[in-house]
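All of these numbers come straight from a predicted model, not from anything done at the bench. As a basis for the values below, the full set of heavy atoms in this structure was taken, side chains included, without hydrogen atoms, waters or symmetry mates. Numbers here are sequence positions counted from 1.
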Amino acid sequence: MSSEPKLRGLMLSLMVVSSVFVGVVVFSGSASAANNTVQFDFSSAYNADVVYGEDQSGDFDGWGALVTNTVAGNNLNSGDGLPDDGIFSSTSTHPKIELATTHNNAGNNAWQASTTSEETFTVSNGQYATVHVIASAGGAGAGSPAKFKAKLHYGDGTSYTSQVFTVPDWYGSPPNNPGYALKDGMDRWYHEGDPSVSPSYYQDADDPGIWGFAISANSDKTLEKITINVTENEAGSFNFFGGAATTKSSDAVVSPTGSTPTLSTTPISDAQTGNTNEVTVTVTFDEDMTQNTGDVTVSPDVNGDLSTAPTVENKRWTDAQTFRADLQFADDNEEVTGVSLEVDGAKDLDGNEMSSAVSATYDVDTTNPKVSSSSVSNTPITDGNAGNQQTVTVEFSESMDTSTTPTVEITGVSGGPLTVTESSFSDSTWTGAVTIADNNEDVTATLEVSGAADSNGNVMSSPDSSNTFTIDTKNPTGSTPILSPTPITNAETGNDNEVTVTVSFGEKMTQNTGDVTVSPDVNGDLSTAPTVENKRWTDAQTFRADLQFADDNEEVTGVSLEVDGAKDLDGNEMGSAVSATYDVDTTNPSTGGGGSSISTGFSIDEQDTETTTKDGEMQATITGYKIGDTLSIPTENADTNTITVEQVNVSFDMGTNAPNDMKIQAGAKPPQGVPEYSNAEQTDYVSITIDGNLADKVTNGEITVRLAEERMPVDPSVVDIYHTNGETWNQAERTYLGNNTYKIHTRSFSTFVVVVEHTTEQTTSAQTITSTPTPTVTEPATSIDTTTKTTSASTTTETSTPGFGIVLAFVSLLGGALLLRRR
């Protein structure tokens with residue numbers, strides 16, 4: 001291509017395409033004759049040469065150009081180009097089309113639009129049935145559309161605007177009716193860049209095409225002008241070649257098509273129901289219509305999905321191509337999706353009826369939202385959380401309009417109703433905050449929700465009061481404690497004699513004995529503080545505990561007792577302790593022996609008094625023991641880090657006035673000369689020896705021991721107690737008394753071990769021990785004897801091993817029972 005024609009083409013392509021061009025109409029015959037056709041002359045708008053012919057130049061899309069048949073024939077591809085004279089013969093689709101002369105035309109032959117714009121061309125006045133426009137695009141596609149519409153101007157001042165046509169790429173597939181291929185499958189002249197660097201050449205492409213678009217015209221009116229409006233243009237080039245107006249019909253022209261119906265409001269909610277509320281359906285057609293509303297049928301519920309069929313009101317045409325009708329819906333409190341609507345029967349100006357109905361689906365939601373659940377955190381409201389901010393959560397049955405704040409209140413409470421303040425609202429979940437005061441009341445409160453609207457604007461039909469909860473800030477009250485029996489005499493003292501204290505409450509309680517504190521001697525009036533045993537709830541409202549008193553040979557009146565700390569089922573603690581007073585009279589009328597009184601006496605050897613809490617050892621002297629009596633020896637300060645000896649009871653089958661020394665030791669290690677019991681998770685030892693003539697005369701013995709809290713397993717039954725006779729470990733009989741306390745039953749004294757077993761169960765009666773320093777206990781076996789143990793009953797003067805425990809002390813039994821003597 002020479003530089004001068006190329007420059008001329010470039011200058012023409014930069015012309016402003018928004019100027020109005022006046023076209024010249026070329027007639028193929030008289031406009032009044034049958035089947036006459038007039039050609040559109042767009043030459044005044046031509047600004048591009050897009051055909052490579054005799055001039056050996058052309059640029060369709062920046063890379064190549066169409067070729068003429070002569071060029072195609074010279075390259076052995078006859079027929080693969082445009083007609084040299086630009087004439088296409090008439091077919092059933094289009095009339096004769098005469099484009100600009102192509103082969104020997106060295107000038108421009110197309111209007112190439114680079115942006116969105118419009119051009120108006122004058123047409124020789126005439127009455128025509130069909131208008132054809134010829135166009136093609138380079139670089140067009142889904143992401144770079146090329147679209148136009150045509151407006152026909154009639155002599156009576158009216159006009160008709162066609163549908164919007166999508167113009168395919170010249171290498172694309174032909175458009176569907178009312179579009180068609182005027183010529184497809186052609187070759188092209190191709191260049192990859194500057195021809196001086198990369199020479200252009202003929203390309204046997206068999207692909208490029210130019211397209212025609214058929215538009216129905218009103219043959220009863222005189223056509224004067226046509227406006228081509230480029231509505232979208234992201235293609236590399238958008239080329240228009242001309243066209244024709246004809247009295248012939250075209251098989252490319254189709255029946256009028258309406259757009260998908262649109263509803264003015266969807267989904268349909270409460271606000272759009274009733275006779276005074278209407279929803280408008282709109283259909284836009286691709287050409288001017290007859291505007292006869294009687295032709296158009298509107299079916300708002302094709303499949304009868306709604307309880308009440310909508311009614312159709314006020315059908316109308318708002319312009320030549322737009323139809324509207326109003327629909328009235330009933331509020332049937334229902335939610336239906338995908339309701340089918342159809343519009344059919346409309347006709348164009350030529351009387352062509354819609355070939356098929358246009359349809360759409362829409363949703364109806366006239367269901368009022370409901371509360372699916374609501375809750376208040378930390379319920380019930382008790383002393384423990386009253387006065388603190390509570391979180392209220394409301395879950396609705398559907399997505400909500402979060403811009404509409406519901407009213408949430410708490411009723412049935414003192415000072416109410418209480419308003420809950422909104423904290424957040426997202427989709428179907430609403431949260432708020434409220435503080436409920438401690439008004440010392442036990443009431444059932446109601447959480448009431450109203451005024452919420454769903455995402456479609458439907459408002460709750462009535463307040464929701466389905467959620468109730470308890471507000472219990474009332475403190476439980478106990479009755480005055482009752483002691484039985486009372487007053488406390490000698491008969492009620494000792495480990496086997498217990499006094500029961502009972503408190504009744506006005507409501508059901510947690511029955512957690514750990515909550516309840518029993519203080520049997522608030523002011524410390526007694527010489528020995530009573531111990532509290534076996535705390536228990538005998539029913540939902542009755543608490544009892546057993547008290548053990550010492551026989552201190554004293555008389556005290558008005559001893560103060562208090563019970564406190566009990567909690568009701570909601571965790572509210574007693575507002576104040578309940579108290580009572582009682583009397584104690586353990587003064588003996590005489591100290592003489594005889595009868596059923598114990599005529600023995602004993603004394604406590606006060607050794608290492610400053611380190612008694614470390615040695616875990618005490619010694620007593622028994623004298624004047626009478627057969628049939630039970631010697632009850634309570635201990636004092638018998639508290640090691642691991643185990644406490646609380647009581648020793650013993651009976652002998654002989655009497656004696658000779659002194660007998662009794663030694664009690666306790667701790668986590670065995671006394672000197674006794675091997676450790678090694679096959680256990682933890683061990684605690686208790687050793688009792690008697691030096692004197694009563695040593696082998698024990699007929700019955702009971703030792704009460706209490707493990708430290710941290711030594712107790714969850715299951716008290718996994719604690720076993722074994723007794724050594726010097727050669728074997730034998731399982732001892734034991735009873736769990738509660739409160740970490742066990743009673744050991746035995747007929748002889750020596751060393752006992754309290755063990756919490758490993759996974760290996762101790763189920764047989766005996767285990768072998770040896771005299772090695774740290775012997776290993778083997779699997780349990782009956783009567784497996786090894787080396788004879790060297791420990792004897794007469795070793796009361798032996799010292800305990802280091803770290804054995806704290807020194808145990810005895811509390812004297814007075815009043816004819818035991819006589820204490822400290823040494």
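Contact between D363 and G338 at its shortest, heavy atoms only, is OD1-N, 2.9 Å. Counting all heavy atoms, side chain and backbone alike, V167 lies closest to A137 at CG1-N, 4.0 Å.
A side-chain N or O of S465 and one of E448 form a donor-acceptor pair less than 3.5 Å apart. Using modelled atom types and a 3.5 Å distance limit, the side chains of T116 and N233 yield no donor-acceptor pair. A donor-acceptor pair shorter than 3.5 Å can be found between the side chains of D251 and T93. No side-chain N or O of N333 forms a donor-acceptor pair with one of T366 less than 3.5 Å apart. Side-chain contact annotation: T231 with N229, donor-acceptor N/O pair under 3.5 Å absent.
Partners of Q389 under the side-chain contact (heavy atoms from CB on, under 4.5 Å) rule, at least two apart in sequence or in another chain, are A433, T435. Residues passing the side-chain hydrogen bond (donor to acceptor under 3.5 Å, both in side chains) test with N109 are D49, sequence neighbours excluded. Residues satisfying the ring-ring contact (aromatic ring centres under 6.0 Å, His included) test with F213, not counting sequence neighbours, are F148, F165. Y180 is linked by a ring-ring contact (aromatic ring centres under 6.0 Å, His included) to H94, H132, counting only residues two or more places apart in sequence or in another chain. Taking N177 as the reference, nothing meets the side-chain hydrogen bond (donor to acceptor under 3.5 Å, both in side chains) condition, with sequence neighbours excluded. Evaluation of the side-chain hydrogen bond (donor to acceptor under 3.5 Å, both in side chains) rule for D464 yields S466 as partners, not counting sequence neighbours. With sequence neighbours excluded, the residues forming a side-chain hydrogen bond (donor to acceptor under 3.5 Å, both in side chains) with S424 are T431, listed by chain and number. Applying the ring-ring contact (aromatic ring centres under 6.0 Å, His included) criterion to W170, with sequence neighbours excluded, gives F60.
Each ring-ring contact (aromatic ring centres under 6.0 Å, His included) pair with one or both residues in residues 256-279, not counting sequence neighbours, would appear here, but there are none. Judged as a side chain to side chain donor-acceptor pair (under 3.5 Å), the pairs with a partner in residues 299-308 (not counting sequence neighbours) are, in order, S307-E334, T308-D332. Counting only residues at least two apart or on different chains, the ring-ring contact (aromatic ring centres under 6.0 Å, His included) pairs with a member in residues 275-321 are F285-W317, W317-F323. A salt bridge (Lys or Arg N to Asp or Glu O under 4.0 Å) check over residues 206-223, counting only residues at least two apart or in different chains, returns the pairs D156-K221.
Remark: the backbone N or O of H153 is not paired with any side-chain donor or acceptor of E224 at under 3.5 angstrom. With hydrogens and angles disregarded, a donor-acceptor distance shorter than 3.5 Å links the side chain of Q39 to the backbone of E98.
Of the candidates D365, V459, N368, D365 is the only one forming a side-chain contact (heavy atoms from CB on, under 4.5 Å) with D454. Between I210 and the options L66, N239, I97, a side-chain contact (heavy atoms from CB on, under 4.5 Å) holds for only L66.
S428 is not listed as a side-chain neighbour of E398, based on a closest heavy-atom distance of 4.5 Å or more.
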